[in-house]
Peer 1: 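Before I ask anything, here is the structure I am working with.
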Amino acid sequence: PLPALPADPPRTARPHRRRFASGRVILALMLREMSTRYGRTPGGYVWALLEPLGAVLILSIGFSLLVRSPPLGTSFVLFYATGMMPFDLFQKVSNTTARSLRFSRPLLSYPAVSWIDAVLARFLLTTLTSMTVSYILLTAIIMLSDTHSVIDIWPILTSMSLAALLGLGVGSVNAVLAGFYP
């Protein structure tokens, strides 16, 4: 005969697990990050839009004075925007991910908050913000300039996603190294 299995413990003795606890923590950390990064100044999200626009315009004006036409296409603004936006996404994701553990250190003492929640919250917020800014800027550039460009969305999304994932990888390695060697 088979040995008897132990009886299940009473229902009240089981630890209570919340559903989607990690998702709620990540959302709460994203809201905290939004309020600290973009909510302190009156033009928080406006600055997120104006900073890359200014960089693209300065590059476009500077190189249009030196060179007659861009290396590819007919619009300096579109040429530099398509190169600047994925690089800006990579750089911002890498920097914010690298500083995520230091930024969320007071919250990591709570049992519900893990280090991966802090990293993912900053990664998601930065990626969503940069992708939205890129969409707005590239749409405005295409609508305002006469480029006759054919838009294929999948290669654009692939390149932006890969830039974000590369930034996550580099930022995570830098976060670990900063933890070992402050």
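Predicted, not measured: the structure shown is a model, and the values here were computed from it.
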Peer 1: Are Leu50 and Leu137 linked, directly or through intermediate hydrophobic residues, by side-chain heavy-atom contacts shorter than 4.5 Å (ILVMFWY only)?
Peer 2: yes

Peer 1: Are the side chains of Leu57 and Phe76 in contact, using a 4.5 Å heavy-atom criterion?
Peer 2: no

Peer 1: Given the rule that I, L, V, M, F, W and Y join up when any side-chain heavy atoms are under 4.5 Å apart, are Leu157 and Tyr135 in one cluster?
Peer 2: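 No, no single cluster joins them.
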
Peer 1: Do Leu168 and Val119 have side-chain heavy atoms sitting under 4.5 Å apart?
Peer 2: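 Yes - at least one pair of side-chain heavy atoms lies under 4.5 Å apart.
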
Peer 1: Give the minimum heavy-atom separation between Ala81 and Pro86, together with the two atoms involved.
Peer 2: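 Looking at all heavy atoms of both residues, the shortest contact is O-CD, 4.3 Å.
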
Peer 1: Just wondering, do Arg32 and Leu107 contact through their side chains at under 4.5 Å, heavy atoms?
Peer 2: yes

Peer 1: Using side-chain heavy atoms (C-beta onward) and a distance below 4.5 Å, is Ile156 in contact with Ile151?
Peer 2: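 Side-chain contact under 4.5 Å: yes.
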
Peer 1: Could you check whether any side-chain N or O of Ser94 sits under 3.5 Å from a backbone N or O of Phe90, counting only pairs where one atom can act as donor and the other as acceptor?
Peer 2: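 Here the side-chain-to-backbone pair does not exist.
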
Peer 1: Keeping Arg122 on the side-chain end and Arg99 on the backbone end, is there a donor-acceptor pair under 3.5 Å?
Peer 2: yes

Peer 1: List the atom of Val77, the atom of Ser60, and the distance in Å for their closest heavy-atom pair.
Peer 2: CA-OG, 3.2 Å

Peer 1: Any heavy-atom pair between the side chains of Met34 and Tyr45 that's under 4.5 Å?
Peer 2: yes

Peer 1: Hey, is the main chain of Ile61 close enough, under 3.5 Å, to the side chain of Ser64 for a donor-acceptor pair?
Peer 2: yes

Peer 1: Please say yes or no: joined through hydrophobic side-chain contacts below 4.5 Å, possibly via intermediate residues, are Leu59 and Phe79 part of one cluster?
Peer 2: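 Cluster IDs for Leu59 and Phe79 match.
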
